[in-house]
Amino acid sequence: MNNLVDTARNPWDGSWDVVVVGNGLAGSAAALFAAKRGLKVAVVGTGSQLPLSSGLFDLAGMVPGDKAYSTDPWQTVETLVASEPDHPYGKIGREAIGQSFQEFLGLLEAEGLGYQLCESNARVVTSVGTIKASYALPETMAAGATAFEKRDKTLIVGIRGLKGFQANQVAQSAAPAWPGISSVEIAPEGLGRPGDIYPEALARELDLPAGRDRLVQAIRPHLDGHKAVGLPPIFGMERSRETLVHLEDALGVPCFEIPGMPPTAAGVRLREALDRAFSRYGVATFVGGRVTTVSEGEDGFSVTATLRGEARTVFARRMILATGRFMGGGLAGDRHRVTEPLLDLYVTQPASRDLWHRCDLFHSDGHAVNRAGVTADSAMRPLDKEGNPVSQNLFVAGSILAHQDWKREKSGAGISIATAFRAAESCGV
Ligand SMILES: Cc1cc2nc3c(=O)[nH]c(=O)nc-3n(C[C@H](O)[C@H](O)[C@H](O)COP(=O)(O)OP(=O)(O)OC[C@H]3O[C@@H](n4cnc5c(N)ncnc54)[C@H](O)[C@@H]3O)c2cc1C
């Protein structure tokens with residue numbers, strides 16, 4: 001461990017090299033990248049929506065206008081940058097994007113959360129039976145991509161009473177693309193409480209070998225020549241690697257989790273692994289409070305948050321803003337324009353509200369408002385209206401950035417991780 005910080009007495013005391021505002025994927029990644037570079041880091045955030053996430057890390061799935069996923073995410077990155085030179089990927093560059101993924105996945109691996117990089121955008125079946133492409137898969141989902149690629153005879157297993165997962169719906173919807181898929185619903189004896197079962201609770205039961213044995217006993221009679229078994233994301237909460245190995249050894253076929261409806265065990269695992277990494281690197285977290293005021297003086301930033309009704313202030317030499325888009329409050333929209341409410345940064349946006357959306361809500365090119373946001377230079381310093389850095393010590397990362405539409409491009413995690421990497425590097429200079 002390095003950078004250990006005694007936050008036990010009064011966590012708000014002292015000053016920090018970097019304060020990160022926002023505790024989503026971008027803020028968490030930025031805090032860890034900075035702490036790994038020897039900086040003393042504090043994170044202030046309202047909470048985190050990461051437990052709601054699928055756990056997949058997309059790099060670049062498609063170019064707006066495309067109807068199908070690409071098979072070469074790096075080519076897609078190039079196309080995105082060629083069509084939008086200010087795209088955040090254009091400011092980071094391929095080499096650093098690759099490094100950011102390597103370093104981030106290394107941080108997670110050290111916390112026991114393994115990922116597999118898929119250079120051709122692996123295809124996985126989702127909990128609604130659609131096929132989704134992604135660049136980095138949790139290791140518990142990797143066998144699903146192989147089984148789909150080979151169109152192996154695969155059994156999707158549902159669990160009676162489990163919320164948010166219908167095995168027959170997965171199999172029926174995926175069948176046109178995956179003829180070898182079929183489903184069964186089981187009711188493993190002694191697993192889950194009678195009535196509604198929640199994936200997170202079931203995952204915790206599978207952290208224990210006895211829980212896994214009960215699941216294996218219920219699946220075994222249905223194996224019947226299937227070459228792979230897909231399950232909802234329940235492969236343990238703290239021991240997912242051990243659970244995967246246990247199930248595969250006992251059933252004798254590759255097993256995989258299917259990315260599920262939120263909240264998912266995979267998302268909770270990711271959040272918990274990041275929190276363990278925060279402890280390892282001495283990142284102090286002030287989570288649960290909304291930052292209401294930021295002022296910059298000669299020595300750096302005073303960041304004031306309201307936590308349980310009390311205003312508290314953190315002092316730091318540099319700041320990374322990673323407050324996301326509209327949902328989390330990083331951007332706000334009124335009848336006329338999009339604003340960045342915390343620092344009142346300049347927001348790149350369409351000239352008028354009439355231009356925010358196309359008439360066709362589902363147009364494959366997407367909507368201009370989804371590309372609105374803060375424009376940054378290649379160091380990730382936010383720029384003002386004239387194109388000059390707002391401050392030498394202020395940086396920005398994640399989905400708040402302009403010139404990208406992560407939902408349409410399927411580039412969410414990639415933009416968060418790559419821009420966090422650059423912002424953290426800039427803080428260390
Ligand atoms: C439901 C869901 C599904 C996802 N699925 C995928 C997927 O399939 N593939 C993929 O690659 N990625 C996925 N992601 C991850 C997604 O890519 C990233 O969350 C996204 O890129 C945005 O990350 P961010 O950190 O920039 O913003 P956010 O995740 O929005 O985080 C910003 C945080 O800052 C907080 N905040 C805002 N203002 C303040 C303030 N004033 N003070 C304190 N805190 C503040 C917000 O409340 C929020 O918690 C998913 C995420 C979610 C939530």
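Whatever order the structure lists them in is the order used to number ligands and atoms, beginning at 1. These numbers come from a predicted model, not from an experiment.
A tilted orientation is assigned to the rings of F57 and F104, their planes being inclined by 30° to 60°.
Of the polar atoms of A413, at least one N or O is found under 3.5 Å from an N or O of ligand 1, judged by distance alone. Remark: ligand 1 and G289 share no N or O pair separated by less than 3.5 Å (distance only, no angle test).
Taking a cut-off of under 4.0 Å to the non-hydrogen atoms of G412, the atoms of ligand 1 that pass are 11 (O), 17 (O), 21 (O). Those atoms of ligand 1 with a heavy atom of F57 less than 4.0 angstrom away are 11 (O). Atoms of ligand 1 found under 4.0 Å from any heavy atom of S54 (numbered from 1 in listed order, with element): 5 (N), 6 (C), 7 (C), 8 (O). Counting the atoms of ligand 1 from 1 in the order shown, those under 4.0 Å from a heavy atom of Q49 are 48 (C), 49 (O), 53 (C). Every atom of ligand 1 is numbered from 1 in the order shown, and the set under 4.0 Å from a heavy atom of G47 is 49 (O).
With sequence neighbours left out, E139 forms a salt bridge (Lys or Arg N to Asp or Glu O under 4.0 Å) with R241. Contacts of A175 classified as side chain to side chain contact (heavy atoms under 4.5 Å, CB included), with partners at least two apart in sequence or in another chain: I181.
Looking only at atom types and distance, the side chain of R371 has no donor-acceptor partner in the side chain of H403 under 3.5 Å away. Of the N and O atoms on the side chains of R271 and S48, at least one donor lies less than 3.5 Å from an acceptor on the other residue. No hydrogens or angles considered: nothing links the side chains of T304 and T292 as a donor-acceptor pair under 3.5 Å. Remark: the S426 side chain and the R318 side chain contain no N/O donor-acceptor pair separated by less than 3.5 Å.
In the candidate list P341, A322, G330, A322 is nearest to atom 32 (C) of ligand 1, counting heavy atoms. Heavy-atom proximity to atom 21 (O) of ligand 1, evaluated over S416, P259, S53, is greatest for S416.
The protein non-hydrogen atom at the shortest distance from atom 37 (C) of ligand 1 is G328 O, 3.1 Å. Summary of contacts: the protein heavy atom closest to atom 30 (O) of ligand 1 is G324 CA, 3.7 Å. When hydrogens are left out, the protein atom nearest atom 15 (C) of ligand 1 is L25 CD2, 4.5 Å; that is the closest non-hydrogen contact. With hydrogens left out, the protein atom closest to atom 47 (O) of ligand 1 is T46 OG1, 2.6 Å, a heavy atom. Scanning the protein heavy atoms around atom 26 (O) of ligand 1, the nearest turns out to be S399 N, 2.8 Å. Shortest contact from atom 34 (O) of ligand 1 to any protein heavy atom: G22 CA, 3.4 Å. Looking from atom 42 (N) of ligand 1 to the surrounding protein, the closest heavy atom is V291 N, 2.8 Å. The protein heavy-atom contact nearest to atom 31 (O) of ligand 1 is G24 CA, 3.5 Å.
By the 4.0 Å N-to-carboxylate-O rule, E103 lies close enough to R37 to be salt-bridged with it. R276 has no carboxylate O lying under 4.0 Å from a charged side-chain N of E238, or vice versa, which leaves the two without a salt bridge. Salt bridge annotation for D365-R408: absent, with no cationic side-chain nitrogen under 4.0 angstrom from a carboxylate oxygen.
Residue contact annotation: L56 has a non-hydrogen atom under 4.0 Å from ligand 1. Residue contact annotation: K132 has a non-hydrogen atom under 4.0 Å from ligand 1.
Under a cutoff of 6.0 Å and an axis angle of 45°, R317 and W16 do not form a cation-pi pair.
E205 has its side chain out of reach of R212: every pair of non-hydrogen atoms, C-beta onward, lies at least 4.5 Å apart.
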